J.: 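Once you've had a glance at the structure underneath, I'll fire off some questions.
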Amino acid sequence: MGNGIATGSTDIAALGARAMAMLDTLGAISDAPDNLTRLYLSPAHRRAAHQVRDWMEAAGCEAHIDAAGNVVGRYGPAEGPVLYCGSHIDTVIDAGRFDGSLGVVAAILAVEALAGEGRVLPFAIEILAFGDEENVRFPTSLSSTQAIAGGYDPRWLDVVDGDGVSLAQALREFGGDPDAVTGLARDPAQALGYLELHIEQGPVLERADLPVGVVTAIAAAWRADCVLRGQAGHAGTVPMGLRRDALSGAAEMIAAIEGIGAQHEGGVATVGRIAAVPGAVNVIPGEVRFSIDARAPGDAMLATMLAEIDAACKSIAERRGLAFTQAPFMRAPATPMAEPLQQAFAAAAHAIAGDAPLIPSGAGHDAVAMARLCPVGMLFVRCAGGISHNPAESITQADAGCAVAVLIEAIRRIAADQAAARG
Ligand code: GLV
Ligand code: MN
Ligand code: MN
């Protein structure tokens with residue numbers, strides 16, 4: 001390569017061992033006593049953020065936890081062009097250790113390796129450990145990532161969690177600053193790109209017997225909270241034909257939603273959360289709240305699915321005499337990965353891992369929000385059985401080492417291209 005930026009040697013086995021040790025440390029930081037649950041702005045999120053900040057500093061970064069709860073580590077000059085790299089450290093409930101955390105650990109190890117080579121890069125690297133990717137605690141849409149990307153919706157500060165705590169209040173308790181969140185937005189003119197390494201969360205790489213793949217695009221996604229109201233009544237006295245049972249209505253809707261997901265090639269639709277009120281064995285349920293998560297490879301297909309879901313739910317509610325409302329709280333367009341970043345990952349992967357297939361992502365990622373700021377690129381890592389959002393999530397140490405080495409090599413190649421472009 002030209003401009004003095006050459007492909008360096010990388011100890012892949014050592015990188016894998018370091019990555020797994022760091023992931024073990026992070027995986028032990030949980031709000032739950034017997035599983036990994038680390039929701040946005042929780043005590044465990046704060047402990048994990050402090051750990052990540054310490055690692056960033058040890059790797060050679062200036063690091064801090066920002067007003068939105070993101071951990072930010074900057075390597076290189078404080079001004080000028082920046083290459084962003086990272087993922088998230090919040091988790092789902094009863095999570096695996098790798099979703100999100102792998103991308104943060106990989107970015108730290110990459111910076112440590114590049115710093116150790118004494119390399120002067122033609123840009124700064126900012127490592128970002130986002131806090132609100134899973135959107136499990138609050139009905140937001142990648143809020144802390146959008147703070148960096150410039151798409152923060154100030155109304156998010158007023159939304160509340162299941163205990164009635166507002167996001168603004170949770171931010172203050174965490175040590176953040178609701179008034180400063182919108183000021184975190186980065187300058188697009190200085191943002192060269194965002195790289196994210198993530199477990200695949202699907203079976204393609206395992207079937208192909210390959211450690212890494214290059215992401216082509218992220219599916220369009222939509223989420224809503226629904227309320228279905230009927231009439232509570234005595235389970236022993238109200239004849240079946242005279243009931244307005246909200247839970248039976250919801251059961252019918254769930255089956256319809258599942259069917260709509262299945263009818264669209266590449267589409268998926270899930271009801272993952274449901275609660276019935278009053279929730280007693282001898283009371284006809286008067287009210288049900290449930291969530292909908294629908295995704296599709298393209299925006300047009302998702303729009304069709306949502307229209308079908310809306311029509312199906314309304315017709316079921318009308319037939320059963322139920323009142324149905326849905327409050328959408330998240331909509332993300334299909335997000336293509338930037339060609340040059342796909343090429344950097346592909347070339348690096350071919351140099352280090354041999355073949356690397358091109359894979360679309362059905363899961364959402366911080367890259368969706370970061371695409372508002374700059375070109376984005378993602379690398380997937382093989383995970384056992386394609387299992388994710390599950391404590392059984394697993395990757396091998398060898399694959400972790402290989403993936404981090406590919407990330408380092410991709411950054412070297414982007415640096416070479418940047419240096420060449422500037423003559
Ligand atoms: C994030 O993990 C998602 O739900 O896609
Ligand atoms: Mn993730
Ligand atoms: Mn996830």
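Quick caveat: nothing in here was measured; it's all calculated off a predicted structure. Note that ligands are numbered from 1 as they come in the structure, with each ligand's atoms numbered from 1 the same way.
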J.: Measure from atom 5 (O) of ligand 1 to every heavy atom in Arg295, His88, His365 and give the option owning the shortest one.
T.: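 It is Arg295 that holds the nearest heavy atom.
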J.: Are any of the side-chain nitrogens in Glu318 or Lys314 under 4.0 Å away from the carboxylate oxygens of its partner?
T.: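 No, Glu318 and Lys314 are not salt-bridged.
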J.: Short check: any N/O/S atom of Glu133 below 2.8 Å from the Mn ion (ligand 3)?
T.: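 Given the 2.8 Å cut-off, Glu133 does not count as a ligand of the Mn ion (ligand 3).
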J.: Suppose I only count heavy atoms of Glu133 and a 4.0 Å limit; which atoms of ligand 1 are within that range?
T.: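 Reading through ligand 1 atom by atom, the close ones are 1 (C), 2 (O).
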J.: Considering only N, O or S atoms, which atom of Asp99 is nearest to the Mn ion (ligand 2)?
T.: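 The Asp99 atom nearest to the Mn ion (ligand 2), restricting to N, O or S, is OD1.
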J.: Without swapping roles, check the side chain of Arg74 against the backbone of Ala124 for a donor-acceptor pair under 3.5 Å.
T.: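 Pair absent, no side-chain N/O of Arg74 close to backbone of Ala124.
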J.: Is His389 in contact with ligand 1, taking contact as a heavy-atom separation below 4.0 Å?
T.: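 In this structure, His389 qualifies as a contact of ligand 1 - some heavy atom is under 4.0 Å.
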J.: Any N or O on Ala363 sitting closer than 3.5 Å to an N or O of ligand 1?
T.: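 No.
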J.: Give a yes-or-no answer on whether the side chains of Ser166 and Asp158 include a donor-acceptor pair shorter than 3.5 Å.
T.: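 No, because no side-chain N or O of Ser166 sits under 3.5 Å from a partner of the opposite role on Asp158.
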J.: Does Gln190, at its CD atom, have more than 12 non-hydrogen atoms belonging to other residues, nucleotides or ligands within less than 6.0 Å?
T.: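 Count over threshold, so yes.
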J.: Judged by atom type as modelled, is there a donor-acceptor pair below 3.5 Å linking the side chain of Arg372 to the main-chain atoms of Gln146?
T.: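 Checking the backbone N and O of Gln146 against the side chain of Arg372, no donor-acceptor pair under 3.5 Å is found.
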J.: Among all protein heavy atoms in this structure, tell me which lies nearest to atom 1 (C) of ligand 1, with the distance rounded to 0.1 Å.
T.: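 Sorting protein heavy atoms by distance from atom 1 (C) of ligand 1 puts Glu134 OE1, 3.4 Å first.
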J.: For this output row, return yes or no: ring centroids of Tyr194 and His365 closer than 6.0 angstrom.
T.: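 No: the rings miss the under 6.0 Å criterion.
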J.: Decide, counting backbone as well as side-chain atoms, whether His88 has an N, O or S atom less than 2.8 Å from the Mn ion (ligand 3).
T.: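 His88 does not place any N, O or S atom closer than 2.8 Å to the Mn ion (ligand 3).
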J.: Taking heavy atoms and a distance under 4.0 Å, where does Arg223 meet ligand 1: side chain, backbone, both or neither?
T.: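 Answer for Arg223: side chain.
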J.: Looking at Arg320 and Asp245, does any basic side-chain N land under 4.0 Å from a carboxylate oxygen?
T.: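 Between Asp245 and Arg320 there is no salt bridge, as every charged N stays at least 4.0 Å from the carboxylate O atoms.
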J.: Measuring from the Mn ion (ligand 3), name the closest N, O or S atom belonging to Glu134.
T.: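 The closest N, O or S atom of Glu134 to the Mn ion (ligand 3) is OE2.
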